[in-house]
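Each remark here refers to the structure printed beneath this line.
All values reported here derive from a predicted model rather than from experimental measurement. Order of the sequence lines fixes the chain letters, A, B, ..., with proteins taken first and strands second; residue numbering starts at 1 for each chain.
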2 protein chains.
Amino acid sequence: MNTDDNSAMTSLPENAVEDDLKVTIGGLQIDVLEGAFSWYIRSLDSVVSRDLDARMAHLEIARGKGKITAILLVDDYPGIRPSQIAEVLMRDRPATGRIIEGMVAAGLIRREEDPADQRAQSLFITEKGQALAQEVRAIIRAQEEEFFDFIAPEDRAQFMRMLKRAYLNMRTKCS
Amino acid sequence: MNTDDNSAMTSLPENAVEDDLKVTIGGLQIDVLEGAFSWYIRSLDSVVSRDLDARMAHLEIARGKGKITAILLVDDYPGIRPSQIAEVLMRDRPATGRIIEGMVAAGLIRREEDPADQRAQSLFITEKGQALAQEVRAIIRAQEEEFFDFIAPEDRAQFMRMLKRAYLNMRTKCS
DNA sequence: ATAAGTAAGTTGCATTTCACAACCAAAGTG
DNA sequence: CACTTTGGTTGTGAAATGCAACTTACTTAT
């Protein structure tokens with residue numbers, strides 16, 4: 001019956017309407033956007049990204065989801081290929097290639113020729129890159145704790161699960 | 001006890017671990033990002049935005065959250081000022097000003113001088129803009145239905161509420 | 001085995017976004 | 001009447017991103 005001691009907002013009886021959470025900004029309502037998933041996702045993204053960029057600003061890896069993800073992947077999967085990174089990033093190969101190019105130039109990763117396939121490259125992390133990857137992990141963890149502190153502990157798991165499900169479904173939809 | 005006939009994934013007993021939802025992409029795990037809100041938010045954003053851009057592509061209002069929001073606000077609040085729009089968009093005034101400039105040039109809105117404050121402008125929708133605003137609303141509603149169809153109906157309200165809460169908290173954090 | 005097709009990366013290009021700084025004009029405040 | 005704050009504009013520069021075209025290499029089919 002969903003009557004645990006969770007906060008009242010955590011559990012939603014399916015017959016309760018509870019649409020009383022009206023979103024207004026400076027007194028303005030936002031039309032259809034008020035009920036649009038896309039609005040909140042997009043707005044959250046811009047704030048989160050800005051915050052993360054600020055935290056990474058000193059890091060020679062600066063802005064963008066791309067480099068962050070790339071360096072972690074290369075660190076975790078020695079010999080990974082650019083095209084694999086592109087798939088994770090959901091970017092095309094030119095975009096990914098440039099990200100990699102920048103990281104090679106910065107001495108964070110190293111390119112080799114894939115012995116099994118002469119078209120492809122194998123990417124490897126350098127020592128410098130490895131150190132940076134560790135910093136990146138720390139920053140991401142810090143952001144998760146500090147920035148998302150407003151999510152009640154009981155809600156975290158659930159929110160995360162919903163995001164994951166949305167993400168996975170969306171990926172299948174795109175491919 | 002959370003034993004409704006909802007899908008098993010919908011209700012999360014607080015003592016169940018249920019972290020079995022492992023996210024992999026093409027067989028790759030994504031390091032700390034796997035547990036990071038930011039990853040899912042940013043990834044969702046890029047897909048949603050792309051989809052929305054595609055749906056709007058024919059609309060003289062093309063890409064970006066900015067114009068969409070702006071035209072709806074001007075339609076809903078005749079005489080609204082650019083700075084108010086900027087606050088909703090969480091952009092600075094130059095960015096907002098250029099969005100408005102483009103929309104004026106396209107004949108979607110009209111600028112007047114605010115009688116009460118000679119620095120400020122009052123924005124008004126034109127007929128053309130009004131028609132477009134209607135199209136925009138329809139597209140957003142369509143996207144919400146078609147694109148987010150993978151969210152189970154029982155989950156919608158809850159996911160929405162969590163997004164709203166996150167959004168509102170984040171706004172207070174930024175201001 | 002050779003030809004056609006497909007996949008990996010690169011380059012060029014063109015578009016858009018976006019933030020910061022500097023600036024002007026008008027209000028409000030002492 | 002200074003001084004500060006607010007509303008908007010212009011300028012500039014950096015960066016992301018997506019598309020098209022191209023080269024090289026692998027794969028498949030005939």
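- Bounding nucleotides for the chain A contact on DNA chain C, 5' to 3', at a heavy-atom distance below 4.0 Å, are C/dA7 to C/dA19.
- Distance check, rounded to the nearest 0.5 Å: CG of A/Leu108 to CD1 of A/Ile125 gives 7.0 Å.
- Atoms CD and CE, on A/Gln158 and B/Met162 in that order, are 4.5 Å from each other to the nearest 0.5 Å.
- Taking side-chain N and O atoms only, B/Gln118 has no distance below 4.0 Å to OP1 or OP2 of D/dG8.
- In this structure, A/Asp92 does not pair ionically with B/Arg50, as no charged nitrogen and carboxylate oxygen lie closer than 4.0 Å.
- Position along DNA chain C of the nearest nucleotide to B/Ala116 versus A/Ser122 favours A/Ser122 as the more 5'-ward residue.
- The distance between atom CG of B/Asp114 and atom C1' of D/dG8, rounded to the nearest whole Å, is 13 Å.
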Nucleotides 18-20 of chain D: which of its N/O atoms have a protein N/O under 3.5 Å away?
from, atom 1, to, atom 2, distance (Å)
D/dG18, O6, A/Arg98, NH1, 3.3

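- The nearest pair of heavy atoms linking B/Glu87 to A/Gly26 is OE1-CA, 4.3 Å.
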Test A/Asp51 against A/Gln143 for side chain to side chain donor-acceptor pair (under 3.5 Å), laying out the working first. CA-CA 8 Å; A/Asp51 178 78; A/Gln143 188 198 36; 2.9 Å; yes

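- Under a 4.0 Å N-O distance rule, the pair A/Glu101/A/Arg111 qualifies as a salt bridge.
- With rounding to whole Å, B/Asp53 atom CG is found 13 Å from D/dT17 atom P.
- Summarising the geometry, the separation between CD on A/Gln121 and P on D/dT24 is reported as 15 Å, rounded to the nearest angstrom.
- The line from CG of A/Leu72 to CZ of A/Arg137 is 5.0 Å long, rounded to the nearest 0.5 Å.
- Here A/Glu101 lies out of heavy-atom contact (under 4.0 Å) with every strand.
- Between A/Lys67 and D/dA15 there is no side-chain polar atom (N or O) within less than 4.0 angstrom of OP1 or OP2.
- Counting atom types as modelled, A/Arg119 pairs no side-chain N or O with a base atom of D/dT24 as donor and acceptor under 3.5 Å.
- Comparing B/Arg93 and A/Asp117 against DNA chain D, the residue whose closest nucleotide sits nearer the 5' end is B/Arg93.
- The shortest distance between side-chain heavy atoms of B/Lys65 and B/Leu52 does not fall below 4.5 Å.
- Listed for the B/Thr126 side chain is a donor-acceptor partner under 3.5 Å among the backbone atoms of B/Gly107.
- Closest non-hydrogen pair, A/Trp39 versus A/Ile25, comes out as CZ2-CD1, 4.3 Å.
- The phosphate of D/dG8 (OP1 or OP2) has a side-chain N or O of B/Ser83 nearer than 4.0 angstrom.
- Contacts between residues 70-80 of chain A and DNA chain D, defined by a heavy-atom separation below 4.0 Å, involve no residue at all.
- What you find for A/Val48 and A/Phe148 is that their closest heavy atoms are CG2-CZ, 3.8 Å.
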